[in-house]
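Below: the structure, in structure tokens.
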Amino acid sequence: MKKRSMKKHWDNPIEHAMPDSARVPASLRIGNVTVAPATVLAPMAGVTDTVFRRFIRNASVFTTSAAPDSADPEREAQSPVRPAPGAPCLEETWDSTSGGAPVSNQPGAPHLDSEMWEGDAVGLETTNEQSGCGLIMTEFTSADGLSRMRESKRKRYLTFYDDEHPISAQLFGSNPLTLAEAARIVEDTGFDMVDLNLGCPAKRVVSCNGGSGLLRDLPLIAGIFESVRAAVTIPFTVKFRLGWNDNHIVCVPLAQLAENCGLNAVALHARTREQGYSGQARWHHIAEVKDAVKIPVIGNGDVRTPEDACALVAKTGCDAVMIGRAAPANPWIFRQIAQYTATGRYDMPTDQDRYRMIRTYFEMLLAEEFPETAPASAAAGKMKQFASWFTHGVAGGAVLRKSIYEAKSGAAILAAVDSFFSREAPSLPAPILDHAARAVDLLPAFIES
């Protein structure tokens, strides 16, 4: 059987124009949890660990400025959408009025309260700091493994920090009682939500009747929904695909089943298990699900740009947008979506932004405490894993990737990054270095908490 690993590229992606009226909603309620803005970082195996989640949330932070004409000329020249007259300008930041602490989107934290479009004018009510990523999710975790392992070992799989709220833990499995027990562990650990994975197409997961393998057995899914719903009080959601294949499309009855069993939201990746990550996501099925249920519907599939996100909302009426593969390739995408919603424009990253992004993430990895069982080169291994994602769009990126892959340590990888970008830009502006340093300086406090 063909291996279905997550692809870094899309098959003949459709280029969407920015809709005239539709925007990604400013907020969404899932049970008692406010997600603001209505954007979600999709769970991705081997990707969305705590370092990456916090990196994405902080890479998405912006502030408002009353002086749009003070924008960086280099950014202004690269912006694909011109500012609306009189609209505020949003600028990325790692700092804040709280002394540089990363921003949390938990209830009570600053968020976009509303957006108002009237011709070209954009009205915005916002505080001075906001992350464009409204909800983050863990890598999917085996319910069987959680229920069997010692509490000390569980922390390796369910680690998160205070600045990650709201956060959802995703589980996979096929035994209703085991999944219910794992969901109780998730709730007791302090997660805001629990999510059931019915979308993973990987053979090793499907062979155990987990992930998208369960799409062939709606009665068993009903039993799982009921058991988990009875076990926890936090919001319970499910992420699923269209069906097993084109002859077995079950997304609408599955969404209705979820609603009837008391789930608080559904997320649909608009591909079948047979498709894996190939072909086009069929958004019209997301619209069908939205028409069929009253609980929030989160759309997922082929969202690569702010234009795609807005087009998905326009075409389907979905309540939120989930982004997966685009996030490692463009960590600014959540900020760009929120920026466009608020101002009618968004910035493209400069080479300096890319340098800061790569170096900041790598420094975060070096500062993270990996499990005692992990090899000493764990951080360097992660750096090399993300090199192909992060160098996407960098001129001469192949040279940088080669240097990263050949490096023997984390320090050597950082040196290779510095050397590459020093050729492109001999002097890095001090504020960028300051912001990166602030982000890394904060890490020990999170690790100890």
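Just so you know, these numbers come straight off a predicted model, no measurement behind them.
Although no hydrogens or angles enter the test, the distance criterion places no donor-acceptor pair under 3.5 Å between the side chain of T360 and the main chain of M357. Between the side chain of T272 and the backbone N or O of D246 there is no donor-acceptor pair closer than 3.5 Å. Side-chain atoms of E187 come within 3.5 Å of backbone N or O of T233 as a donor-acceptor pair. Side chain of D192 to main chain of I167: a donor-acceptor pair is present (N/O by atom type, distance under 3.5 Å, no hydrogens or angles). Checking side-chain atoms of E164 against main-chain N and O of R57 turns up no donor-acceptor pair under 3.5 Å. Of the possible donor and acceptor atoms, none in the side chain of S227 sits under 3.5 Å from a partner among the backbone N and O of I224. With hydrogens and angles ignored, the 3.5 Å screen pairs a side-chain donor or acceptor of D319 with a backbone N or O of V297. Checking side-chain atoms of W283 against main-chain N and O of G301 turns up a donor-acceptor pair under 3.5 Å. A donor-acceptor contact shorter than 3.5 Å links the side chain of R241 to the backbone of G276. Side-chain atoms of S212 come within 3.5 Å of backbone atoms of C200 as a donor-acceptor pair (strictly under, hydrogens ignored).
Looking at M137 and M322, their side chains come closer than 4.5 Å, going by heavy atoms from C-beta outward. Side-chain contact between I30 and I298 is present, with at least one heavy-atom pair separated by less than 4.5 Å. Within the 4.5 Å cutoff, the side chain of P328 has heavy atoms near those of the F52 side chain. Contact annotation: the side chain of T39 approaches that of V24 to within less than 4.5 Å [non-hydrogen atoms, C-beta and beyond]. At least one side-chain heavy atom of I333 sits under 4.5 Å from a side-chain heavy atom of I323. The shortest distance between side-chain heavy atoms of T48 and T138 does not fall below 4.5 Å. A 4.5 Å side-chain heavy-atom check between V206 and R216 finds at least one atom pair inside the cut-off. Within the 4.5 Å cutoff, the side chain of D353 has no heavy atoms near those of the M348 side chain.
Ring to ring, F362 and F386 are not that close: their centroids are 6.0 angstrom or more apart. Taking the six-membered ring for Trp and the full ring otherwise, the centers of H165 and F191 sit at least 6.0 Å from each other.
Nearest heavy-atom pair, R273 versus A202, reported as atom, atom and distance to 0.1 Å: NH2-C, 4.3 Å. Nearest heavy-atom pair across V266 and F240 is CB-CE2, 3.6 Å. A pairwise comparison of heavy atoms in A309 and I337 identifies CB-CD1, 3.7 Å as the closest pair. Looking at every heavy atom in both residues, N300 comes nearest to G324 through ND2-N, 4.4 Å. Considering every non-hydrogen atom in both R271 and G279, the closest pair reads NH2-O, 2.9 Å. Scanning all heavy atoms of the two residues, the minimum distance from R304 to A326 falls at CA-CB, 3.8 Å.
For the pair R23 and Y346, the NZ or CZ position fails the cation-pi test of under 6.0 Å to the six-membered ring centre and within 45 degrees of the ring normal.
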If you apply the rule side chain to side chain contact (heavy atoms under 4.5 Å, CB included), what do you find for F140 with L171, and how did you get there? CA-CA 5 Å; F140 73 157; L171 302 173; over 6 Å; no
Derivation and outcome, side chain to side chain contact (heavy atoms under 4.5 Å, CB included), residues N197 and V238: CA-CA 6 Å; N197 180 306; V238 61; over 6 Å; no
If you apply the rule side chain to side chain contact (heavy atoms under 4.5 Å, CB included), what do you find for L220 with L214, and how did you get there? CA-CA 8 Å; L220 178 55; L214 280 169; 3.5 Å; yes
Is there a side chain to side chain contact (heavy atoms under 4.5 Å, CB included) between L215 and L198 once you walk through the steps? CA-CA 7 Å; L215 295 175; L198 298 181; 4.3 Å; yes
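Screening M44, R54, K382 for a side-chain contact (heavy atoms from CB on, under 4.5 Å) with D49, the sole residue that qualifies is K382.
Aromatic ring orientation, H269 versus Y277: tilted (interplanar angle from 30° to 60°).
In this structure, N58 CG and D163 CG are separated by 6.0 Å, a value rounded to the nearest 0.5 Å. Note that CG of L158 is 11.5 Å distant from OG1 of T50, once rounded to the nearest 0.5 Å. Separating the OG atom in S60 from the CZ atom in F334 is a distance of 6.0 Å, to the nearest 0.5 Å. In this structure, L196 CG and S174 OG are separated by 10.5 Å, a value rounded to the nearest 0.5 Å. Atom NZ of residue K239 and atom OG of residue S168 lie 12.0 Å apart, to the nearest 0.5 angstrom. For the atom pair CD (E226) and CG (L263), the distance works out to 10.5 Å, reported to the nearest 0.5 Å.
Between the side chains of H284 and R282, no donor-acceptor pair is found at a separation under 3.5 Å. No donor-acceptor contact under 3.5 angstrom links the side chains of T141 and Q170, judged on distance only. Between R29 and T34, the side chains place a donor N or O and an acceptor N or O closer than 3.5 Å (distance only, hydrogens not considered). N264 and R229 share a side-chain donor-acceptor pair at under 3.5 Å. Residues Q336 and D347 have side chains that never bring a donor and an acceptor to within less than 3.5 angstrom of each other.
By the neighbour-count criterion of 12 heavy atoms within 6.0 Å, atom NZ of K315 is sparsely surrounded, having that number or fewer from other residues, nucleotides or ligands.
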